[in-house]
> 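Structure below; questions to follow.
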Amino acid sequence: MDALATDTLEAARRLVGARLVRGSGPNARIGRIVEVEAYIGRTDMASHARSGPTRRNATMFGPPGHAYVYLVYGMYHCLNVVTEPDNKPAAVLIRAVEPLAGIEEMRLARSERLAARGTGRGRSEATPGSAAAPRPSDARLASGPGLVCVVFSITRADDGVDLCDPASDLRLEQASEGDDLGDDAGENLIVATGPRIGIDYAPEPWLSNAWRFFVPGSPSLSGRNRAHPVIGRKR
DNA sequence: GCAAAGATTTGCT
DNA sequence: GCAAATCTTTGCC
């Protein structure tokens, strides 16, 4: 992955269609990134960098290509790809991934997390009448920033990892023509833009800036029944 | 030093 | 559609 040191909006657009990979060999988990958001500089009032460097966001101020992983709402992790040169805090949040390989490993990671601690309200107590949660489709396994980290087993331990190093257990790769995973990261990929999600606390123009990039129509986009209006098409 | 909210997800009302 | 789970960081006293 190159060009991560350049303009963050350009980097975000290029990350859509790229692959997120965990591990190697037959058990490797591979997914195609279908939704991202850009967080740019200390002036971005929606960015964690708005209040300067802290223990949590230190990686954002470091070199590009590394993973910035943080804990949100005390229960979910979120993965970002650091962009821009050293000392310029910026990153691209990976919001949704379309699973391509290692599906069973991903399901295993999800179930392990559920076993560790119930999720959401009213966990366990084995409600007699309630049915078990329905099995999500493959496409919905990583349909949100928190879920991406769940199925790829990403935690704060991955903070700072060089995602561009082929030797990293967690890394970014371009779609290769050799395999037949069937994804497309080429010039033909359509990328739409829209405002970022979950930043209602931010003032304008940050609230409405179209700094979210996604593959329109992808079944793996974030949100339960969230609409993903196509505001603009690029590439 | 303490209160409040957050780049989320889920199940129940 | 709403509230809960859960903990780090931020803002105010």
Side-chain angles (χ1 to χ4, degrees), chain A residues 8-9 11-12 15 33-61 67-83 89-97 106-107 109-137 139-152 154-159 193-203 206-214 220-228:
Chain A
T8 299
L9 294 180
L15 279 171
I33 297 170
V34 296
E35 183 181 349
V36 303
E37 282 177 1
Y39 290 84
I40 311 172
R42 299 185 55 158
T43 54
D44 181 356
M45 293 308 285
S47 172
H48 287 164
R50 64 185 182 277
S51 298
T54 66
R55 177 179 291 274
R56 175 173 72 160
N57 67 19
T59 315
M60 280 187 83
F61 290 78
Y68 165 44
V69 182
Y70 65 89
L71 184 65
V72 69
Y73 294 111
M75 44 169 37
Y76 288 100
H77 289 278
C78 289
L79 170 67
N80 298 255
V81 180
V82 176
T83 58
V92 175
L93 169 69
I94 308 300
R95 284 195 60 88
V97 165
M106 294 180 184
R107 290 192 180 279
R110 258 182 90 128
S111 60
E112 281 178 349
R113 183 189 178 287
L114 280 173
R117 51 172 118 149
T119 176
R121 176 180 145 177
R123 51 200 180 207
S124 60
E125 286 281 330
T127 346
S130 66
R135 194 174 195 252
S137 66
R140 304 297 300 165
L141 284 176
S143 57
L147 295 176
V148 168
C149 288
V150 168
V151 304
F152 281 89
I154 298 168
T155 67
R156 272 291 277 178
D158 295 295
D159 186 65
T193 65
R196 293 173 292 180
I197 292 170
I199 57 162
D200 292 343
Y201 57 87
W206 319 113
L207 179 60
S208 299
N209 278 345
W211 286 357
R212 184 166 63 104
F213 300 79
F214 59 99
S220 302
L221 293 180
S222 71
R224 212 150 121 194
N225 293 305
R226 181 181 298 143
H228 289 272

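These numbers come from the heavy atoms of this one structure, side chains and all, not from hydrogens, waters or symmetry mates. So you know, we letter chains A, B, ... as the sequences are listed, proteins then strands, and number each from 1.
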> Using the C1' atom in both, what is the distance from B/dA5 to C/dA3, to the nearest Å?
15 Å
> For A/Ser137, is there any backbone N or O sitting under 3.5 Å from a side-chain donor or acceptor partner on A/Arg140?
no
> Verify whether the ring centers belonging to A/Tyr70 and A/His77 lie closer than 6.0 Å.
no
> Quick one: closest heavy-atom pair of A/Ile154 and A/Val69, and the distance?
CG2-CG2, 3.8 Å
> Rounded to whole angstrom, note down the P distance from C/dG11 over to B/dA7.
12 Å
> List the steps, then state whether side-chain contact (heavy atoms from CB on, under 4.5 Å) holds for A/Tyr68 with A/Leu93.
CA-CA 9 Å; A/Tyr68 165 44; A/Leu93 169 69; over 6 Å; no
> Do A/Arg196 and A/Tyr39 form a cation-pi contact, if we require the NZ or CZ to be under 6.0 Å from the six-membered ring centre and within 45 degrees of the ring's axis?
yes
> Which value, in whole Å, describes the distance between the P atoms of nucleotides C/dA4 and B/dA4?
15 Å
> Quick one: closest heavy-atom pair of A/Gly52 and A/Asn57, and the distance?
O-ND2, 3.1 Å
> A/His77 NE2 to C/dC7 C1': how many Å, rounded?
11 Å
> Under the side-chain hydrogen bond (donor to acceptor under 3.5 Å, both in side chains) rule, collect the residues that match up with A/Ser222, sequence neighbours excluded.
A/Glu35, A/Arg95, A/Arg226
> For DNA chain C, produce a single dot-bracket line, 5' to 3'. Pairs: Watson-Crick or G-U wobble, both distances under 3.5 Å. Symbols: ( ) within strand, [ ] crossing, | other strand, . unpaired.
|||||.||||||.
> What protein N or O atoms touch nucleotides 4-8 of chain B N or O atoms at under 3.5 angstrom, if any, and at what distances?
residue: B/dA7; atom: OP1; partner: A/His48; partner atom: NE2; Å: 2.7
residue: B/dA7; atom: OP2; partner: A/Tyr201; partner atom: OH; Å: 2.2
residue: B/dA7; atom: N9; partner: A/Tyr70; partner atom: OH; Å: 3.2
residue: B/dA7; atom: N7; partner: A/Ala46; partner atom: O; Å: 3.3
residue: B/dA7; atom: N7; partner: A/His48; partner atom: NE2; Å: 3.2
residue: B/dA7; atom: N6; partner: A/His48; partner atom: N; Å: 3.4
residue: B/dA7; atom: N1; partner: A/Asn80; partner atom: OD1; Å: 2.7
residue: B/dA7; atom: N3; partner: A/Tyr70; partner atom: OH; Å: 2.8
residue: B/dT8; atom: OP1; partner: A/Arg95; partner atom: NH1; Å: 3.4
residue: B/dT8; atom: O3'; partner: A/Gly146; partner atom: N; Å: 3.4

> Specify the separation, in whole Å, of atom CZ of A/Arg110 and atom C1' of B/dT10.
10 Å
> Indicate the atoms forming the closest heavy-atom contact of A/Thr8 with A/Ala91, along with that distance.
CG2-O, 4.1 Å
> Distance check, P atoms only: C/dT8 and B/dT10, in whole angstrom units.
22 Å
